[in-house]
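Residue numbering restarts at 1 for every chain, and letters A, B, ... go by the order of the sequence lines.
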Amino acid sequence: MLKMASSFPEEVLEHVFSFLQSDGDRNSISMVCKSWYEIERWCRRRIFVGNCYAVSPRILIRRFPDVRSITLKGKPHFADFNLVPEGWGGYVYPWIVALASAYPWLEEIRLKRMVVTDESLELIAKSFKNFKLLVLSSCEGFSTDGLASIAANCRNLQELDLHESDVEDLSGRWLSHFPDTYTSLVSLNIACLGSEVSFSALERLVGRCPNLRSLRLHRAVPLDRLSNLLHRAPQLVELGTGAYSAELRPDVLSNLSSALSACRELKSLSGFWDVVPTYLPAVYSICPGLTSLNLSYAIIQSPDLIKLVSQCPNLQRLWVLDYIEDVGLDALAVSCKDLRELRVFPSDPFVLEANVSLTEQGLISVSEGCPKLQSVLYFCRQMSNEALITIARNQPNFTCFRLCIIEPRTPDYLTLEPLDVGFGAIVEHCKDLTRLSVSGLLTDRAFEYIGTYGKKLEMLSLAFAGDSDLGLHHVLSGCDNLRKLEIRDCPFGDKALLANAAKLETMRSLWMSSCSVSYGACKLLGQKLPRLNVEVIDERGHPASRPESLPVEKLYIYRSVAGPRFDMPNFVWTMDENSALRLT
Amino acid sequence: MELQLGLALPANNNFPTKGGLDLNINDFPYHPTITDSNNNKNKKRSFVQAFESSNATSTVPRTLPWLLWNNQPNDDDDDDDTKYNSRYTIMVKNEEDGLVGWPPIKSWRKETCFHIHGDGGVRHNRSVEVNGGGVSTFVKVKMEGVGIARKIDLSLHHSFETLVRTLMHMFDKCQMDSDNYELTYQDREGDWLLADDHDVPWRTFMRSVQRLKLLKRMSSTY
C-alpha cells in the first residue's frame, strides 16, 4: 500500500484534492496518512475560523503556508443584542499583522463580529497585492478613513461589503478615493453608512465598473438619484435602494420604472427606507424575476405588501416587518410557492399590545402553502401548542426555526399551558433541524423533547425557559451535534454543566448569562478541562471578591488549542489551573 | 435532588462517554442561591411544584446510570424563602429600556428602525386614535422590573384611583401591591413628576402626560 501511495506524484493528489472544498472533507483527507496531511496542508487555500480565539495566527500559519481566503468570527452571537459588554475582545489587528507577513497573496478576508480598526484596514490595503474581497459583517471600530485606504490601494478589489457594521462615519469622501483607473468592482454594500457620498463619484464608479453585480446603497442616496445609477448598471443582479422617497414629482416614478425595467438580471431587492408607497409600483416590472426581497426596513402597510408579493412568484427569500399581518402571509402562501426563507420582524417590539394583526395564523398559512420553506424567523405575540403542532406537521423540512414570542414566558394563549408540546412537535417532525430558537413558557419537558429528538441540532438559543438543571442536562446529553449553545435568563446552575463537562469540548462554544452558574463551578471547569477556555464576565468586580457559591453574571466557554487569551478587559477572567494564583 | 457523579465509565455502552465532574472531590460546597426577581408569580410554577409533578418521574434520562436524580426537591436548598419562583436574577441594566437585549433584535436594526419610535421620542409615546365612538388616548406604561411595556387608554379614566387600579390589574398586581408602587408621568417638557391628587390636578395631568411609569416605593415607612 505504501508503494501505491508514493507512486502518485504529489501534483496528481493535489489536483484531486482541489475538488474538495468543504473543511470537513479536507480535515478527513488530512488524517489518512502523513503524506496526505502534508500535501493537503500545502494546498488548502480557504480557512474558516469560527472562533478567533480557538486557534492562534501562529498555529494556523504553521500548518497552512499558502492561504488565499480566510474567515474569522469574533464575538459571541449574543453580542448582537448588547449582552456582551464593550471591550470584550475580538480584535483583528494581531491577525492582520500575522497574515500580512505570512500570506502576501491573500485575496479574501471575511470578518464577523470583530473589532476592526483603521490601522487594520490600512495594513490590509498595503499588504496584499492581489486583494479582492473584504466582508465586514457586524464589525465595529473603524471609520470611513479606513475605507478610504482600501479604496485607494486595492487595485484588484472586487467586493467590499460592510454588512450591518458600526462604522464611524466621518465623511462620504472615502468613496472618491477609488482611482479613475479602478474598474474591477463586482459587489458594493454600504447600506450601513450614514453620510452622504459624492453622487457624481458614485455614478462614475458605477459607470466604469462593467462587472458590477451587486450594489447596496445607504439611506443618504435619494430615490431620484437611483435612476441615474441604474442606467449605468443595467446588469445588476442585486440592488439595495437608498431612501425610497422623494418629493412627489411625476417624472421620478416614470424614470425609476423605466430604469428598473431595464435591469433584466435583477434578482434581489433590499433597502426601502422611508418608503413613500406611491413609488412602489416602480418595482412591479421586475417582481416576476425576484428571488430575494428584503422589506424589513420598509414601513409599508399590508395592502401594499400584498400587491408586491403577489407579483413575485419566484420569491425564495422574504424579509418583512409584521405590517404584512396574517392576511399578507396568506397571500404569500398563495403566490410564492418557491419560498425557502421567511423572516418577520416586529414593528413595535417594546410594547406588549399588538399594533398589527399578526398571529400564529400567518405562520400556519406559510407552512401549509410553501412546500419548500426551510428557514423561519418569526416575531409574534401569541402562540399555541396546537399551532406549533400544525406547523410541524405541515412543514417537516425546517432546517432553521426561530420563534420569538415577544413577552417572555408567554404560555399557550388558548390553554395557558407551557409550549413544551408544541416545540416538541417541531423537533420531532423536523428531523433535519440544525438551528432552533425557542421562546414562550417552557418547562424542563421542552428540553427533554429537544434532547430526545434534536439529534441534528447544531445551534440552540434559549431565553427565559426551563425549571431546573434537568432542562440543561437534557440538552447537553441529548443533542449529539450541538456546536453552539447560548442561554440567557434560565434557571440553570452548576449541576448539569458539571455532569456534562466533557460535552463542552465537543462544542464550539457555550454562552450563559443571567443564569445560576457559580464561580466555584467555573473554576472547577477551568481547572479540570484544559482544552476549554472558561471565561467569566462580571462587571461587578472580580468574582473572588464574593462567595464562591454566588452565580457569575455571564459565562463564555469555548474550546481552544491556543490556550487562554491575553487581551481580556478588566471584567473578564479566564478560569484555568492558574486562576487561583492570579489576582486580577 | 441527590446527584451521584463519578468519573468511571458508564455501564451502558450505547451512548458516548460523557465525563462528569465529581462535586465532592475538591470538597466543593454547593449552595445554590435563590433570589427572587421577577414578579410573574402566576406565570411560573414554583420549583417545588415543578419537581414534584408527575413530569419529574418521566423525565429521568435512562441513558445515564451514573447520574441519579431522585424525586425530592433540592434537599441542599436550605433556603428559608418559600418562594421558589426563580433561581436567578435578571440583570436589568437600564431601567429605561427594560430587559437588556430583549426582544432579540440586532442593535443595528434597532437604531435604524426604532430611533423614530425610541424612548426618547416624546412625540411617539402618545397616540390619539379617533374611533367611531370618540377619541381614545393611548400612552405607554412601564413598570419597574417588568421588561415589556403596556399601553393604556387614558380617555377611559377620570381619576388617579381608577387609573392606578387598572394599571395594577394590567401588570397582574393585587391591591396590596399597589401600595408598593407610585405612579409617575412624563410631561411635555420631558420631566418626570408624581401622578397623584396631591401633586397635580387630573385635568392638568391629562393635558400634559406623555407616558407613565410605575416605580417601587423607596421605603414603606413614612
Could you give the distance from OG (A/S138) to CH2 (B/W108), rounded to the nearest 0.5 Å?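 Rounded to the nearest 0.5 Å, the OG-CH2 separation comes to 9.0 Å.
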Roughly how far, to the nearest 0.5 Å, is CZ of B/R150 from CG of A/L352?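 Answer rounded to 0.5 Å: 4.5 Å.
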Under the rule for ring pair (Phe, Tyr, Trp, His ring centres under 6.0 Å), what residues qualify as partners of B/F160, not counting sequence neighbours?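 Partners of B/F160 by the ring pair (Phe, Tyr, Trp, His ring centres under 6.0 Å) criterion, ordered by chain and then number, come out as B/W202, B/F205.
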Pairing residues for A/Y378 by the ring pair (Phe, Tyr, Trp, His ring centres under 6.0 Å) criterion, not counting sequence neighbours: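 With sequence neighbours excluded, A/Y378 shows a ring pair (Phe, Tyr, Trp, His ring centres under 6.0 Å) to no residue whatsoever.
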Can you name the nearest heavy-atom pair linking A/C404 to B/P104, along with the distance?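 Here A/C404 and B/P104 meet closest at SG-CD, 3.4 Å.
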On a heavy-atom basis, which atom in B/V100 and which in A/R488 lie closest, and how many Å separate them?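 Looks like O-NH1, 2.7 Å.
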Could you tell me if the side chain of [Y] sits less than 4.5 Å from the side chain of [X], heavy atoms only?
{"X": "A/F81", "Y": "B/K110", "answer": "no"}
{"X": "A/D489", "Y": "B/W102", "answer": "no"}
{"X": "A/P346", "Y": "B/I105", "answer": "yes"}

Given heavy-atom pairs under 4.5 angstrom as the criterion, report whether the side chain, backbone, both or neither of [X] touches chain B.
{"X": "A/L416", "answer": "neither"}
{"X": "A/F379", "answer": "side chain"}
{"X": "A/F78", "answer": "neither"}

Give a yes or no on whether the backbone of A/E164 and the side-chain of B/R109 come within a donor-acceptor separation of less than 3.5 Å.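 A pair under 3.5 Å: no.
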Most heavy-atom pairs under 4.5 angstrom with chain B, which of A/I406, A/T506, A/L83, A/D166?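 Most heavy-atom pairs within the cutoff with chain B belong to A/I406.
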Do A/E353 and B/K140 meet the salt-bridge criterion of a basic N to acidic O distance under 4.0 Å?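 So B/K140 does not pair with A/E353 through a salt bridge.
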